[in-house]
Amino acid sequence: MTAPILELQNLDVFYGPIQALKKVSMHINEGETVSLIGANGAGKSTLLMSIFGQPRASSGHIVYRGTDITRKSSHYIASNGIAQSPEGRRVFPDMTVEENLMMGTIPIGDKHASEDMQRMFELFPRLKERRNQRAMTMSGGEQQMLAIARALMSRPKLLLLDEPSLGLAPIVVKQIFATLRELAKTGMTIFLVEQNANHALKLSDRAYVMVNGEIRMTGTGQELLVNEEVRNAYLGGH
């Protein structure tokens, strides 16, 4: 059996005196879509950010493709195949769509930029229409598409997505998740942090449930979708 592409081993993370993550252990296999669900403030985004070393884990290990990256720099991590689409999108507001996409090539250089940009325009046709438009003038949904496309421009082996549905209209959320489904079909390894448990679990091969900084439950996406405890806590009981 091949080793996981990413493995978290007994991870502890603090913000000052406050412990945000407690002995978190989980893994993601190559080609899988894995989601982390939980209430707001459970520690989901902290976990995602700690993979990039911000905040740095105080104990435990983060192992990526057999290498311990717990103490590696964010630049090292990005240039070795992990990309993140952050919570709140964080596009560069004064830059155009094309300029934002070019920023995504910084970890690997722009050798494939033209070819990859065309691929992004096929994946997100709306971005092609807006290619010369400044990001600040775009809708929340368009900015989210741009944030995901910018992450993909670094040709990641592992794509981290932090709350891609946050603040978006239901129809846009459907479009975003349809695109993620297409990405998953290409063999892309995806780790998704998401409050919208229904969409996340339907997309995922496996999932973890986080409560107060601890992993409390794990199973296939389908198992957790029908789990009564999960349904009552995160799916409105239905």
Can you name the closest pair of heavy atoms from [X] and [Y] and give their distance?
| X | Y | answer |
| --- | --- | --- |
| Ala207 | Thr218 | O-OG1, 3.1 Å |
| Ser85 | Gln144 | OG-NE2, 3.4 Å |
| Lys157 | Ile5 | O-CD1, 3.6 Å |
| Lys23 | Ser59 | NZ-OG, 4.3 Å |
| His27 | Tyr208 | N-OH, 3.2 Å |
| Pro164 | Glu194 | CD-OE1, 3.2 Å |

For residues [X] and [Y], determine if any side-chain heavy atom of one lies less than 4.5 Å from a side-chain heavy atom of the other.
| X | Y | answer |
| --- | --- | --- |
| Pro4 | Ile28 | no |
| Ser165 | Gln195 | no |
| Met26 | Glu7 | no |
| Ile82 | Ile51 | yes |
| Ser58 | Val13 | no |
| Val24 | Leu47 | yes |
| Leu48 | Gln84 | yes |
| Asn198 | Leu225 | yes |

In plain terms, say whether [X] and [Y] are close enough for a salt bridge, that is, a side-chain N and a carboxylate O under 4.0 Å apart.
| X | Y | answer |
| --- | --- | --- |
| Arg131 | Glu99 | no |
| Asp94 | Arg134 | yes |
| Glu142 | Arg130 | yes |
| Lys185 | Glu182 | yes |

Name all residues meeting the side chain to side chain contact (heavy atoms under 4.5 Å, CB included) criterion together with [X]; count only those two or more places apart in sequence or in a different chain, and write none if there are none.
| X | value |
| --- | --- |
| Ser204 | Thr33, Ser35 |
| Asn227 | Met217, Glu229, Val230 |
| Ser25 | Asn10 |
| His75 | Ser73, Ser79 |

Are [X] and [Y] connected in the hydrophobic side-chain network, where two residues link if heavy atoms are under 4.5 Å apart?
| X | Y | answer |
| --- | --- | --- |
| Met138 | Leu168 | yes |
| Met102 | Met95 | no |
| Val34 | Leu224 | no |
| Leu11 | Leu158 | yes |
| Leu166 | Leu36 | no |

Tell me whether [X] contacts the main-chain N or O of [Y] through its side chain, where contact means a donor paired with an acceptor under 3.5 Å.
| X | Y | result |
| --- | --- | --- |
| Glu32 | Thr189 | no |
| Arg90 | Ala147 | no |
| Lys22 | Asn212 | yes |
| Thr179 | Gln175 | yes |
| Tyr64 | Thr70 | no |

Got a second to check how far [X]'s [atom1] is from [Y]'s [atom2], nearest 0.5 Å?
| X | Y | atom1 | atom2 | result |
| --- | --- | --- | --- | --- |
| Leu21 | Leu8 | CG | CG | 9.0 Å |
| Ile148 | Leu123 | CD1 | CG | 8.5 Å |
| Met145 | Arg126 | CE | CZ | 6.0 Å |
| Asp68 | Gln9 | CG | CD | 7.5 Å |
| Ile106 | Arg150 | CD1 | CZ | 10.0 Å |
| Gln222 | Lys202 | CD | NZ | 9.0 Å |

(message) Working note: Ser45 + Asp162, criterion side chain to side chain donor-acceptor pair (under 3.5 Å); need CA distance, chi angles, decisive distance, verdict.
(response) CA-CA 7 Å; Ser45 291; Asp162 196 352; 3.0 Å; yes
(message) Once ring-ring contact (aromatic ring centres under 6.0 Å, His included) is applied, do any residues pair with Phe52, and if so which ones, sequence neighbours excluded?
(response) none
(request) Determine whether more than 12 heavy atoms belonging to other residues, nucleotides or ligands lie under 6.0 Å from atom CD of Glu30. (result) no
(message) Is it the case that atom CD in Glu115 sees more than 12 heavy atoms from other parts of the structure closer than 6.0 Å?
(response) yes
(request) Check Leu6, Thr67, Ile77 against Ile62 for a side chain to side chain contact (heavy atoms under 4.5 Å, CB included) and give me the one that passes. (result) Leu6
(message) We want to know whether Asp110 and Thr105 form a side-chain donor-acceptor pair, criterion being a heavy-atom distance below 3.5 angstrom.
(response) no
(message) Quick one about Thr96 and Asn132 (side-chain donor to acceptor, distance below 3.5 Å, no hydrogens or angles considered), yes or no?
(response) no
(request) Let me see the working for Leu161 and Leu180 under side chain to side chain contact (heavy atoms under 4.5 Å, CB included), right down to the final yes or no. (result) CA-CA 10 Å; Leu161 297 164; Leu180 296 182; 3.5 Å; yes
(request) Return the orientation label for the His199 and Phe177 ring planes: parallel under 30°, perpendicular over 60°, tilted otherwise. (result) parallel
(request) Scan for salt bridge (charged side-chain N to carboxylate O under 4.0 Å, His left out) pairs involving residues 34-53, sequence neighbours excluded, and state none if there are none. (result) Lys44-Glu163
(message) Determine whether Glu223 and Leu201 satisfy the following criterion, side chain to side chain contact (heavy atoms under 4.5 Å, CB included), listing intermediate values before the conclusion.
(response) CA-CA 9 Å; Glu223 283 167 354; Leu201 293 176; over 6 Å; no
(message) Would Met153 and Met103 count as a side chain to side chain contact (heavy atoms under 4.5 Å, CB included) here? Give the steps.
(response) CA-CA 8 Å; Met153 287 293 287; Met103 294 299 284; over 6 Å; no
(request) Could you go through the side chain to side chain contact (heavy atoms under 4.5 Å, CB included) check for Leu159 and Leu183 one step at a time? (result) CA-CA 10 Å; Leu159 176 64; Leu183 277 176; 4.2 Å; yes
